[in-house]
Amino acid sequence: MRYSNYFIPTVKETPADAEVVSHQLMLRAGMVRKLAAGIYNYLPLGLRSIRKVENIVREEMNRAGAIEILMPSVVPAELWQESERWEQYGKELLRFKDRKDAQFCLGPTHEEVVTDLVRREIKSYRQMPINLYQIQSKFRDEIRPRFGLMRGREFIMKDAYSFDVDEKAADSSYDKMYQAYRRIFERCGLKFRAVEADTGSIGGSSSHEFMVLADSGEDAIVSCSACEYAANVEKAEARPIEAGEHADARALERVATPEKRTIEEVSEFLGVHAAAMIKTLVLLADNEPVVALVRGDHELNEIKLKNFLHCTELEMANDEVVTKVTGAPVGFAGPVGLTVKIVADLAVKGMKNAATGGNEKDLHLKNVNLERDFTVSQFADIRNVVHGDACPRCKDGVMEMWRGIEVGHVFKLGTKYSKALKATFLDADGKDQTIFMGCYGIGIGRTVAACIEQNNDANGIIFPLPIAPFHCIISALNIKEAPVREASELIYQQLVEAGVEVLLDDRDERPGFKFKDADLIGIPLRIVVGSKNLAEGNVELKERKSGEVSLLPIAEAVERVTVAVATALARI
Ligand code: ATP
Ligand code: MG
């Protein structure tokens, strides 16, 4: 490809509305352009990287025995009504009507469509296992589209769905996908972790997320310093904290705490450590008030509480409800004397002589003790794990926290969708059985963005070779000089013939300008052809990542690039 008649609209300035580095760099490198909130044009460089990720995904899906299909993105409402997700999915589902007034949605995920296909075509145990996948544009009307391709509204996803005769077979399909995902993200050159995850609205019994480690990641994940345990904080189990030394229960005290509402304010005012306080939160679970108690230095995990309560909606109560439940304005809630359901975190169980709100304006209580002063309806693990917590699985480790970007997600679905859509088959005994399913997603654009998030410096992107838009760029320093032009063309031809993807910078521009663009767009290998070195028969070969420069005869430079590309692309 010749730069002079290609389409790479690079930009010098950092775009003001791009918060994370990958978004900034994708705009500056001319990879994408925004059309509307969360909706992007993919320009040639962006598209080339996206296609590379797609091809790695495709190869690994095929290798794992999955079969590619392509489903429509416009989906009739009836299928979503059958699974009851038409109502449950909320505003992320973009619904519309056709000219005959029939309702449709733009598919945000395709469990319904694929299950409908399978229930019509798969009738016998002999036709399973089968795993169908597609690579397709999805639409989710995200409340806050941001970070460029990381959280778009229209985005490309690979989604795969497995169908099996029973749970054991479904587990084995899941394991195959899990392994395929590891290979995919390794081949993309990413530093990642597979973590246990909550199953969210898609449902199902267990799932793992594949997280690219990056400080800008939206997800908090924890992993054990000693064993394999790793999980999303949404799901991470907390090891129950052993009760401390057996202090005697002291007499309850009422303390005036004028205008002291937050844990920090009260803890400072009373001179009590946050860990010796009980945080009292009023929530609405399907519109019923419920009180959650956690230790003052802990955070409530709403997902754990929601799962524990088996409710569909859980939200923090507004001031009016708080006042109704506690009899006090916000900031003075405590468990003593409450009549609503109270769920307490396991860490609250061992607390003695705690400080907490007094359910009156400007009042807190000291020396509050369980049983004597208040009771709890149920105890459960409802808090976020924090850095340094003991590992819930092994004896030796402590939990470490990381930020991550979720690039892939694998779910065991069980029979959730096959039951709802009556996808059944005849087993070996001729009996009707329900199909076991799994579903497996990868965000293609998000993977490219996450990769840039992990691989960049002050000058721009540093693509790992397997997903770089081009492997090599030839910077011809003064294209008007015949020897430079001829040598650059020769190198270009030889590399193309060797199967290397080359961008020849044949623009009539200053060297510094060309180098800036080359660094910005992140091409892993650069050959610099300039008249001075050429007079000795040499060119410069520079590695974007290490910055290493070698002065080499032309043939050797071509050979080095060819070998480097072949090595990097060799399958793991
Ligand atoms: P998130 O929690 O980030 O919203 P999700 O759990 O909704 O993700 P899934 O339904 O599991 O995502 O979708 C599969 C994959 O699709 C995700 O792992 C992610 O890589 C990608 N993905 C999901 N939503 C978006 C989006 N808005 N923009 C880009 N990629 C996305
Ligand atoms: Mg989502």
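Since we're looking at a predicted model, the values are computed, not measured. First listed ligand is number 1; within each ligand, the first listed atom is number 1.
Using a non-hydrogen distance threshold of 4.0 Å, Asp219 does not register as a contact of ligand 1. Ligand 1 lies out of reach of Gly445, whose nearest heavy atom is not under 4.0 Å from it.
Using a 4.0 Å cut-off between charged nitrogen and carboxylate oxygen, Asp116 and Arg119 count as a salt-bridge pair. A salt bridge links Arg295 with Asp297: the closest approach of a Lys/Arg side-chain nitrogen to an acidic carboxylate oxygen falls below 4.0 angstrom. Under the 4.0 Å criterion applied to side-chain N and carboxylate O atoms, Glu68 and Arg58 are assigned as salt-bridge partners.
Under the 6.0 Å cut-off for aromatic ring centres, His409 and Tyr440 do not qualify, their centroids lying 6.0 Å or more apart. In this structure, Tyr181 has its ring center under 6.0 Å from that of Phe210.
Residue contacts with ligand 1: Phe411 is placed with no nitrogen or oxygen under 3.5 Å of a nitrogen or oxygen of the ligand (distance criterion only). Annotation: Ile442 places no N or O atom under 3.5 Å from an N or O atom of ligand 1; distance criterion only.
Distances from atom 3 (O) of ligand 1 to the heavy atoms of Glu406, Glu218, Arg146, Arg151 put Arg151 nearest. Nearest-heavy-atom check against atom 27 (N) of ligand 1 across Glu92, Glu142, Arg446 picks out Glu142.
At a cut-off of 3.5 Å, with distance as the only test, a side-chain donor of Tyr161 or Asp159 sits close to an acceptor on the other residue.
With ligand atoms numbered from 1 in the order given, ligand 1 contributes 18 (O), 20 (O) to contacts under 4.0 Å with heavy atoms of Val407. Near Arg140, with a cut-off below 4.0 Å to any heavy atom, the atoms of ligand 1 are 5 (P), 7 (O), 9 (P), 10 (O), 12 (O), 13 (O), 23 (C), 24 (N). Residue contact check: Gly408 has heavy atoms under 4.0 Å from atoms 18 (O) of ligand 1.
Listed for the Glu60 side chain is no donor-acceptor partner under 3.5 Å among the backbone atoms of Arg183.
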